[in-house]
Amino acid sequence: MGSKYRLLPHLAEVFAAVGGTTAADPFSGSGVVSYLLKCQGYEVTSSDYLNFPTVIARATTANSDVTLGDAEIDAVCGPAADDRDFIRTTFDGLYFTEDDRTFLDSAWSNIDRLPAGQRDLAISALVLSAARRQPRGVFTFTDATRYTDGRRDLKLSLREHFRERIAEYNAVVFDNGRTSQAVCGEVFDVAPGPYDLVYLDPPYAPPADDNDYIKRYHFLEGLSRYWQDATIMHDTKTKKLAKRFTPFAYKRTIEDALLRTFEHFADSGTIVLSYSSNAVPAADRIIELLGKVKSSVEVRAVDHRYSFGTHVTAARRSVQEYIFIGRDE
DNA sequence: GGGCAGTGGACTCGTGACTG
DNA sequence: CAGTCACGAGTCCACTGCCC
């Protein structure tokens with residue numbers, strides 16, 4: 001999550017050249033690209049098949065004017081509004097300290113009493129707090145004591161995290177003069193537009209494994225809805241949610257999924273896709289697939305090898321991040 | 001019973017920002 | 001500026017069930 005950050009300057013350049021007023025970001029993830037599009041003046045249709053990215057996009061991209069005031073922040077961080085203890089008890093011995101889990105229950109009891117717009121912002125800050133507080137940000141392991149290495153993010157309590165994260169989310173809220181929206185669902189369920197610009201950042205299919213986002217982020221997904229309508233697999237050690245199939249996670253189904261996505265947005269003006277060189281399919285195959293719906297396909301390779309690395313070996317390996325741009329000539 | 005695919009969960013190591 | 005340290009569209013392996 002958030003790994004598109006270093007690509008943002010390159011994407012900004014591409015988007016600026018496209019122009020237009022409407023844009024879609026159907027794999028919104030951390031939400032930074034949707035927010036970039038908003039900053040560049042677009043009316044953004046943002047979506048993701050997970051709930052927590054949708055909440056974040058609603059709070060940052062769709063939201064033009066709602067923030068949390070000091071009183072509301074104090075209320076979320078203050079005494080619990082009810083006696084719920086689902087998180088404290090369910091994840092006992094698995095994630096965070098007793099105090100941290102108690103805070104999550106207590107914060108949610110107060111968040112439940114906020115109006116919808118403020119809820120989204122508060123939940124976003126809570127989700128980001130939990131991600132930062134968990135070593136490596138993933139919930140595939142349960143013994144966090146192995147990672148007591150002194151970094152600041154692991155020292156802060158979740159309550160301290162929340163105060164910092166909510167201040168950050170408050171600070172990004174602004175009105176770009178247009179009405180953007182964020183919805184939760186598969187890419188194929190997103191309204192096909194047409195849009196002036198469609199940005200696609202699908203999961204990458206690794207050559208030797210699947211790509212299971214729920215396995216990594218089940219806790220954040222559950223937290224974003226207080227596990228309402230979410231079914232925990234209680235026989236799993238990590239108490240994770242059921243794996244949800246997506247054709248983008250497997251090398252066998254990724255090509256068909258990409259092609260169907262391109263066809264879904266075929267009537268939109270420009271399709272921009274980012275993809276890594278160490279995933280499948282390879283770049284030439286993606287050019288073929290995108291070429292089926294767009295007469296012109298340009299590829300920009302962003303080589304993010306280090307110019308400033310201090311190690312001698314730093315120049316040894318390079319991973320290319322590709323930006324494919326499909327247009328109608 | 002051997003080969004294969006899928007699953008669950010622990011865990012590597014190269015990178016590059018940070019620190020003093 | 002050199003070395004440390006935290007991070008990750010990640011990797012591996014044991015196990016299971018299914019097929020022949």
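Every chain is numbered from 1 and lettered A, B, ... according to where its sequence line falls, protein lines coming before strand lines.
One interatomic measurement links the two molecules: CD1 of A/Ile214 to P of B/dT7, which rounds to 14 Å at whole-angstrom precision. B/dG8 atom P lies 18 Å from atom CZ of A/Phe139, rounded to whole Å. Counting to the nearest Å, the C1' atom of B/dA10 and the CD atom of A/Gln134 are 13 Å from each other. Rounded to whole angstrom, the span from the CZ atom of A/Arg216 across to the C1' atom of B/dG9 amounts to 13 Å. Atom-to-atom, NZ of A/Lys237 to P of C/dC13 comes out at 19 Å; the value is rounded to the nearest Å. In this structure, A/Leu94 places its CG atom 10 Å from P of B/dA10, rounding to the nearest Å.
Residue A/Thr140 has no polar side-chain atom (N or O) positioned under 4.0 Å from OP1 or OP2 of B/dG9.
Under a 4.0 Å N-O distance rule, the pair A/Arg84/A/Asp112 qualifies as a salt bridge. Look at A/Glu98 and A/Arg101 and you find a salt bridge, because one of the NZ, NE, NH1 or NH2 atoms lies within 4.0 Å of a carboxylate O, short of that distance.
Among the atoms of the strands shown, base atoms are found under 4.0 Å from some heavy atom of A/Lys215.
Remark: A/Arg88 is not positioned above the aromatic ring of A/Phe96, lacking an NZ or CZ atom under 6.0 angstrom from the ring centre and at most 45 degrees off the axis.
Proximity of the aromatic rings of A/Phe27 and A/Tyr199 is defined here by a centroid distance below 6.0 angstrom, and this criterion is not met.
Figure legend. C/dC18 is base-paired to B/dG3; pairs are counted as Watson-Crick or G-U wobble with both atom distances under 3.5 Å.
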